[in-house]
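Comments concern the structure below.
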Amino acid sequence: MIRGHPHSLADLVQQKADLSRLPHIGSALAEKIQTLVKTGSLPALEKAKKRTPIALSALMQLPGLGPKRVRVLYHELGIRSLADLERAARRGRIRALPGFGVRTEAKILSELQTSTGQERRFNRLEARELAEPLRRFLQRQVGVKRVTIAGSYRRCRDTVGDLDILVTAKRGSPVIREFVAYDEVRDVVSQGTTRSTVRLRSGIQVDLRVVPEASYGAALYYFTGSRAHNIAVRRMALKRGLKINEYGVFKAEKRVAGRTEESVFASVGLPWIPPELRENRGELTAAAKGNLPQLVQLNDIRGDFHCHTRASDGHNSIREMAETARDLGYEYLAISDHSRQVRVAHGLDPERLSQQLDDIDRLNDELRDIVILKSCEVDILKNGSLDLPDKLLARLDLTVCALHYDLHLPRKQQTERVLKAMQNRYFNILAHPTGRLINERPPCDLDMERILRAARDQGCYLEVNAQPLRLDLTDEACLLAREIGTGVAIGSDAHSADTLNFMQFGVDQARRGWLSAHDVLNTRSLQAVRSMLVR
DNA sequence: GCCGTTTTCGGCCCGACTGTTTTCAGTCG
């Protein structure tokens with residue numbers, strides 16, 4: 001709850017807000033949070049640390065070991081680290097413990113060999129490339145009707161830890177046997193009659209669930225999650241004397257819903273909630289009040305403000321990019337090559353940019369059904385000034401401004417840097433605001449709330465960068481933008497014509513942040529965009 | 001430790017798979 005909250009709880013404590021009004025925070029936690037913020041330490045935590053070695057939590061990371069077994073290992077054998085565990089297992093001391101046996105001991109040893117301890121998450125493109133071939137494979141199996149990838153993949157999270165696949169099939173279908181025999185399977189974790197778990201060579205875990213067609217809606221709902229959302233809805237059901245499981249909604253023994261997801265939601269008096277919102281961060285209250293947002297869709301997108309050509313580090317010409325954009329149904333496409341500071345990407349100096357602007361004029365005279373906008377991905381220099389002279393920026397239709405260097409500045413300095421850049425009247429869109437690269441580079445330290453407020457007040461926009469490695473803003477930052485009332489622009493940041501369609505990933509991210517078409521600049525007509533960009 | 005168009009006390013989502021134990025606890029999603 002705290003991690004997903006748009007505001008820092010420390011700020012809320014300073015403002016003397018009543019924390020116990022937040023969901024899942026009662027009087028006890030509110031008091032502890034206050035103590036933590038005010039004193040920097042927490043007596044209850046220190047006490048718990050004394051009672052239980054903190055290292056024990058590492059043991060629970062191992063598949064098959066939970067709190068009960070770790071407790072036995074610690075109390076009976078004094079095991080408090082992975083090294084202790086391995087030693088005990090090799091000496092055959094674990095098999096004698098109550099609740100353990102020879103097989104469990106062997107499994108522990110084998111997990112110690114294979115598990116790295118830090119399972120990585122996969123970005124959306126990686127996940128899609130692993131999931132789609134498997135989905136097609138399952139679809140071909142005898143007796144299979146539907147194959148749907150559920151879980152965080154369906155909720156469009158920026159990364160997924162595993163794949164959850166739902167299959168509806170006739171009784172007796174060999175789909176699970178075929179699943180564990182899939183070519184990419186490295187090892188089989190479990191295999192039953194209705195579900196199975198495997199690990200693929202890539203390291204990703206895949207959970208397969210097989211249910212009859214009549215349970216499709218209930219199973220899809222259950223398997224989509226999130227867990228927190230499911231638990232909250234099952235609670236609502238309990239209050240109505242209903243039970244929800246993956247087979248349907250039940251009143252006593254009688255099945256009253258479950259063929260579709262809509263029927264499951266209806267059983268607790270709610271409209272269907274889009275998967276992207278199912279995180280138990282307010283969607284249930286909103287749905288109950290009829291206040292769900294009308295989420296932005298790919299169809300709403302009328303143009304793209306961020307793409308590259310061969311002039312900097314892209315792979316296609318302006319014409320090729322524009323024609324592809326036209327084929328995607330866009331009204332406009334802004335060419336935003338790098339500015340000179342970004343030398344590794346062959347960034348444009350004033351002379352080359354000005355040549356490009358002339359080229360765009362000529363192409364616009366020639367091309368029909370698409371307007372090319374003049375833009376540039378202008379570097380924000382360390383002192384907060386822009387990398388190109390105002391005189392040249394004035395010739396552009398818009399700018400997409402970004403940090404590429406000095407990403408490690410302290411929070412205050414980094415924030416001031418961006419705020420100063422934003423004061424330039426030619427600054428329009430802050431591209432990939434935090435600079436994070438998923439699994440590669442952490443976000444830079446920015447006071448996002450201040451930046452969002454300043455952007456709103458000065459008529460600037462923040463980008464939701466659609467590159468699967470970036471997805472920056474995060475969904476949480478989108479939520480904050482929505483609350484503050486700051487507009488966003490979804491940009492593909494395409495470096496080739498065939499990746500202009502990464503736009504979908506950006507739209508998904510905006511949807512997770514509850515944004516509607518109204519909140520997104522590039523759902524507007526060209527005429528509206530032109531006037532909205534003037535500061 | 002949270003929560004309450006039943007409740008300020010007594011509940012707390014639900015089911016599959018595995019392995020150990022002979023009917024189920026532990027773990028997981």
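Keep in mind that the numbers below use all heavy atoms, side chains included, and drop hydrogens, waters and symmetry copies. Quick note on labels: first sequence line is chain A, next is B, and so on, each numbered from 1.
Think of the region where chain A sits on DNA chain B: with heavy atoms and a 4.0 Å cut, that region ends 5' and 3' at dG1(B) to dG29(B).
Across all their heavy atoms, D447(A) and T415(A) have their closest contact at N-OG1, 3.0 Å.
Going from the C1' atom of dG11(B) to that of dA16(B) covers 25 Å, rounded to whole Å. Nucleotides dC17(B) and dC12(B) are separated by 25 Å at their P atoms, to the nearest Å. For the C1' atoms, the distance linking dC13(B) with dG29(B) amounts to 12 Å, nearest Å. With both ends at atom P, the span from dC28(B) to dT20(B) equals 15 Å, rounded to whole Å.
A heavy atom lying under 4.0 Å from DNA chain B marks the following residues of residues 175-198 of chain A, by number: S190(A), Q191(A), G192(A), T193(A), T194(A), R195(A). Contacts between residues 149-171 of chain A and DNA chain B, counted as heavy-atom distances below 4.0 Å, involve D164(A). Taken residue by residue, residues 257-273 of chain A places no heavy atom nearer than 4.0 Å to DNA chain B. Within residues 232-243 of chain A, the residues approaching DNA chain B are R234(A), R235(A), L238(A), K243(A), by heavy-atom distance under 4.0 Å.
Applying the ring-ring contact (aromatic ring centres under 6.0 Å, His included) rule to pairs touching residues 169-205 of chain A yields F137(A)-Y182(A), sequence neighbours excluded. Contacts classified as salt bridge (charged side-chain N to carboxylate O under 4.0 Å, His left out) and involving residues 21-44 of chain A (residues at least two apart or in different chains) are not found. Sequence neighbours left out, not one pair with a member in residues 140-162 of chain A passes ring-ring contact (aromatic ring centres under 6.0 Å, His included).
Applying the side-chain contact (heavy atoms from CB on, under 4.5 Å) criterion to T499(A), with sequence neighbours excluded, gives A494(A), S496(A), F502(A). The side-chain contact (heavy atoms from CB on, under 4.5 Å) test applied to Q191(A) returns I176(A), R177(A), V180(A), V188(A), S196(A), not counting sequence neighbours. Partners of A228(A) under the side-chain contact (heavy atoms from CB on, under 4.5 Å) rule, at least two apart in sequence or in another chain, are S226(A), N280(A).
Residue I165(A) is tested with V210(A), T148(A), L208(A) for a side chain to side chain contact (heavy atoms under 4.5 Å, CB included); the sole match is L208(A).
R157(A) and S152(A) are not linked by any side-chain donor-acceptor pair at a separation below 3.5 angstrom, with hydrogens and angles left out of the test. Side-chain contact of T168(A) with E213(A): a donor-acceptor pair under 3.5 Å is present, judged by distance alone. In this model, a donor atom of one side chain and an acceptor atom of the other lie less than 3.5 Å apart for E463(A) and N465(A).
Between the side chain of R201(A) and the backbone N or O of D183(A), at least one donor-acceptor pair lies under 3.5 Å.
Nucleic acid contact for V210(A): none, since no nucleic acid atom lies under 4.0 Å from a heavy atom of the residue. Across all strands shown, P67(A) has heavy atoms under 4.0 Å from sugar-phosphate atoms exclusively, and none from any base. Across all strands, Y222(A) comes closer than 4.0 Å to base atoms (heavy-atom distances). Counting any heavy atom pair closer than 4.0 Å across all strands shown, R209(A) reaches sugar-phosphate atoms only and no base atom. E105(A) comes within 4.0 angstrom of no nucleic acid atom, judged by non-hydrogen atoms across all strands.
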Show me, pair by pair, the donor-acceptor contacts under 3.5 angstrom made by side chains of residues 466-473 of chain A, not counting sequence neighbours?
{"from": "Q467(A)", "atom 1": "NE2", "to": "S492(A)", "atom 2": "O", "distance (Å)": "2.8"}
{"from": "Q467(A)", "atom 1": "NE2", "to": "D493(A)", "atom 2": "O", "distance (Å)": "3.0"}
{"from": "D472(A)", "atom 1": "OD1", "to": "T434(A)", "atom 2": "N", "distance (Å)": "3.2"}
{"from": "D472(A)", "atom 1": "OD1", "to": "T434(A)", "atom 2": "OG1", "distance (Å)": "3.2"}
{"from": "D472(A)", "atom 1": "OD2", "to": "T434(A)", "atom 2": "N", "distance (Å)": "3.0"}
{"from": "D472(A)", "atom 1": "OD2", "to": "T434(A)", "atom 2": "OG1", "distance (Å)": "3.1"}
{"from": "D472(A)", "atom 1": "OD2", "to": "G435(A)", "atom 2": "N", "distance (Å)": "2.9"}

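At least one test fails for R255(A) against the ring of Y247(A): distance under 6.0 Å to the centre or angle within 45° of the axis.
With both pairing distances under 3.5 Å, dT27(B) is matched to dA16(B) as a Watson-Crick or G-U wobble pair.
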